[in-house]
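To start, the structure itself, in C-alpha cells.
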Amino acid sequence: MNGSVEETAGNGPLEGAVVAVAGAAGPAGRATLLRLAEAGATVVAADADVERLAEAVDAARYAHGGAAVTGETVDLLDLDATRAWADRTEKEFGRIDGLVHLVGGWRGSKTFAATPLADWDTLHNLLIRTVQHTSLAFHDALRRSHKGRYVLVSAAGASKPTAGNAAYAAAKAAAEAWTLALADALRKEGDGDGLPAAAVILVVKALVHDAMRAERPHAKFAGFTDVGELAEAIAGVWDEPAEEVNGKRLWLTPQP
C-alpha cells in the first residue's frame, strides 16, 4: 500500500486517521476540514464544485501547516465513481476511518399544496442518493478500520415536518432511515471485540456561519448551529466507543 498512515500512540483518536468528507466545499465542509486537520487526521475531501473545493482544501492546509488534506471531484450520483473514490483512498492511505456526509440542499414552498414534485427529484438525488452511494461504497473499508465512523448531518425537520418543507423533510427522514439501517448492519456485524464501526446522525435545526451573520447582522438565528460547533461535534464522534454512538441521533439543537 502506498503512503500508509500509521497511528501515533498516545494521541487523540483522530491522530493519523483517514477521513473522507463528501460535500466538503461549503461552509460546513470548510469548518470540518479545518477541525479534522487540526486533530491530526488525513482528510480526503470531495465536492462537485471544483473551484470551491480547491479553496476549502487550501484554507485547511494553510491553517494547519503540513496538514494532509486533498481534494477531488467525485460524482456521488454515480455508484461506480463513488466506489472508485473509496477504493483509491484506501489503497493510497492504507485505510479509511470515516466518511462524513455533508452534501446538502434545500427546496421549500409557501404551502403544502404548492409543493413542486420536481423539488423531490432534486432532493432525492442530493440528500438520499448520495447517502446510499457513500454508505455502500465505504461500508467495507469502515469495517476494516476498527474505528470507522459514518456521520450523517440531518435536520430537526425530519422529525417534525412543516407544510412548506414536505420534500425536504421527507428526504432527510429517508436519509436518516438509510443511515440507521447501516447502523443495524454494523451492530449485527460486531463480534466479541465490539462493533467494527458506527453510523451516527448529527441533528441540527439549520446551520449558520460568519458570512450569514454579516449579511443579516440583526438576525437571531435562534436554535441554529454554528458550522464550527458542528465540526467539533463531528470530530467528537470518534471520542466515544462505537457501541455508544452507533445508531444514535445526537441533537445539536433542542428537540422539537
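We number each residue from 1, following the sequence as shown.
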Problem set entry | Residue Arg216 excluded, over 12 heavy atoms near CZ under 6.0 Å | no
Exercise. Are side-chain heavy atoms of Glu232 and Arg35 found at a separation under 4.5 Å?
Worked result: yes
For this session: Mind checking the CD-CG spacing from Glu189 to Leu195? Nearest 0.5 Å is all I need.
Result: 9.5 Å
For this session: Using a strict cut-off of less than 4.0 Å between a Lys/Arg side-chain nitrogen and an Asp/Glu carboxylate oxygen, indicate whether Asp210 and Arg213 qualify as a salt bridge.
Result: yes
For this session: Decide yes or no for Tyr150 and Val131: does some side-chain heavy atom of the first lie under 4.5 Å from some side-chain heavy atom of the second?
Result: yes
Problem set entry | Minimum side-chain heavy-atom gap Val204-Leu202 below 4.5 Å | no
Exercise. Can you tell me how far CG of Asn246 sits from CG of Leu180, rounded to the nearest 0.5 angstrom?
Worked result: 9.0 Å
Exercise. Is it true that Leu99 and Leu77 fall in one hydrophobic cluster, defined by side-chain heavy atoms closer than 4.5 Å?
Worked result: no
Problem set entry | Pairwise distance CD(Gln255) to CZ(Arg249) - rounded to 0.5 angstrom | 9.5 Å
Problem set entry | Lys/Arg N to Asp/Glu carboxylate O, Arg143 vs Asp140, below 4.0 Å | no
Seminar exercise, completed: For Arg30 and Arg52 the tightest heavy-atom approach is NH2-O, 4.3 Å
Problem set entry | Closest contact, heavy atoms only, Val245 versus Ala198 | CG2-CB, 3.9 Å
Exercise. In chain order, what residues pass the ring pair (Phe, Tyr, Trp, His ring centres under 6.0 Å) check against Phe221, with sequence neighbours excluded?
Worked result: Phe224
Exercise. Does the pair Arg187 and Asp184 meet the rule for a salt bridge (charged side-chain N to carboxylate O under 4.0 Å, His left out), with working shown?
Worked result: CA-CA 5 Å; Arg187 179 183 61 80; Asp184 187 56; 2.5 Å; yes
Exercise. Are the side chains of Thr70 and Arg61 in touch, meaning some heavy atoms are under 4.5 Å apart?
Worked result: yes
For this session: Examine Val151 and Val203 and state if one hydrophobic cluster contains both, with Ile, Leu, Val, Met, Phe, Trp and Tyr joined whenever side-chain heavy atoms are less than 4.5 Å apart.
Result: no
Exercise. Under 4.5 Å between any side-chain heavy atoms of Arg144 and Glu90, yes or no?
Worked result: yes
Problem set entry | Under 3.5 Å: donor-acceptor pair, side chain of Thr42, backbone of Ala68 | no
Problem set entry | From OG1 (Thr82) to CG (Asp87), nearest 0.5 Å | 11.0 Å
For this session: Indicate if Trp238 and Ile96 have the same hydrophobic cluster label, given that clusters are the connected sets of ILVMFWY residues with side-chain heavy-atom separations under 4.5 angstrom.
Result: no
Exercise. If every non-hydrogen atom of Leu34 is compared with every non-hydrogen atom of Ala63, which pair is closest and at what distance?
Worked result: CD2-CB, 3.4 Å
For this session: Compare every heavy atom of Gly194 with every heavy atom of Glu243, then report the nearest pair and how far apart it is.
Result: OE2-CA, 2.9 Å
Exercise. Do the side chain of Arg107 and the main chain of Thr122 share a donor and acceptor less than 3.5 angstrom apart?
Worked result: no
Problem set entry | All ring pair (Phe, Tyr, Trp, His ring centres under 6.0 Å) counterparts of Trp85, not counting sequence neighbours | Phe138
Exercise. Side chains of Asp58 and Tyr62: closer than 4.5 Å at any heavy-atom pair?
Worked result: no
Exercise. Which atoms form the tightest heavy-atom contact between Thr253 and Gly223, and what is the distance?
Worked result: OG1-O, 2.9 Å
Exercise. Does Val227 offer a backbone N or O that forms a donor-acceptor pair with the side chain of His209 under 3.5 Å?
Worked result: no
For this session: Can you measure from CG (Leu33) to CG (Leu53) and round to the nearest 0.5 angstrom?
Result: 8.0 Å
For this session: Locate the shortest heavy-atom distance separating Ala163 from Thr115; write the atom from each residue and the value.
Result: O-OG1, 4.4 Å
Exercise. Within the side chain of Lys248, is there an N or O that forms a donor-acceptor pair under 3.5 Å with the backbone of Glu244?
Worked result: yes
Exercise. Of the options Leu152, Leu123, Leu127, which is the one that meets Lys172 in a side-chain contact (heavy atoms from CB on, under 4.5 Å)?
Worked result: Leu127
Problem set entry | Side-chain donor/acceptor of Asp97 to backbone N/O of Val18, under 3.5 Å | yes
Problem set entry | Within-4.5 Å side-chain heavy-atom neighbours: Asp239 and Pro13 | yes
Seminar exercise, completed: Rounded to the nearest 0.5 angstrom, the CD-CD1 distance for Gln132 and Ile128 is 7.0 Å
Exercise. Linking I/L/V/M/F/W/Y whenever any side-chain heavy atoms sit under 4.5 Å apart, do Leu102 and Met212 land together?
Worked result: no
Exercise. When hydrophobic residues are tied together by side-chain contacts of less than 4.5 Å, even through go-betweens, does Val57 share a cluster with Val44?
Worked result: no
Problem set entry | 4.5 Å side-chain heavy-atom contact, Tyr168 and Asp119 | no
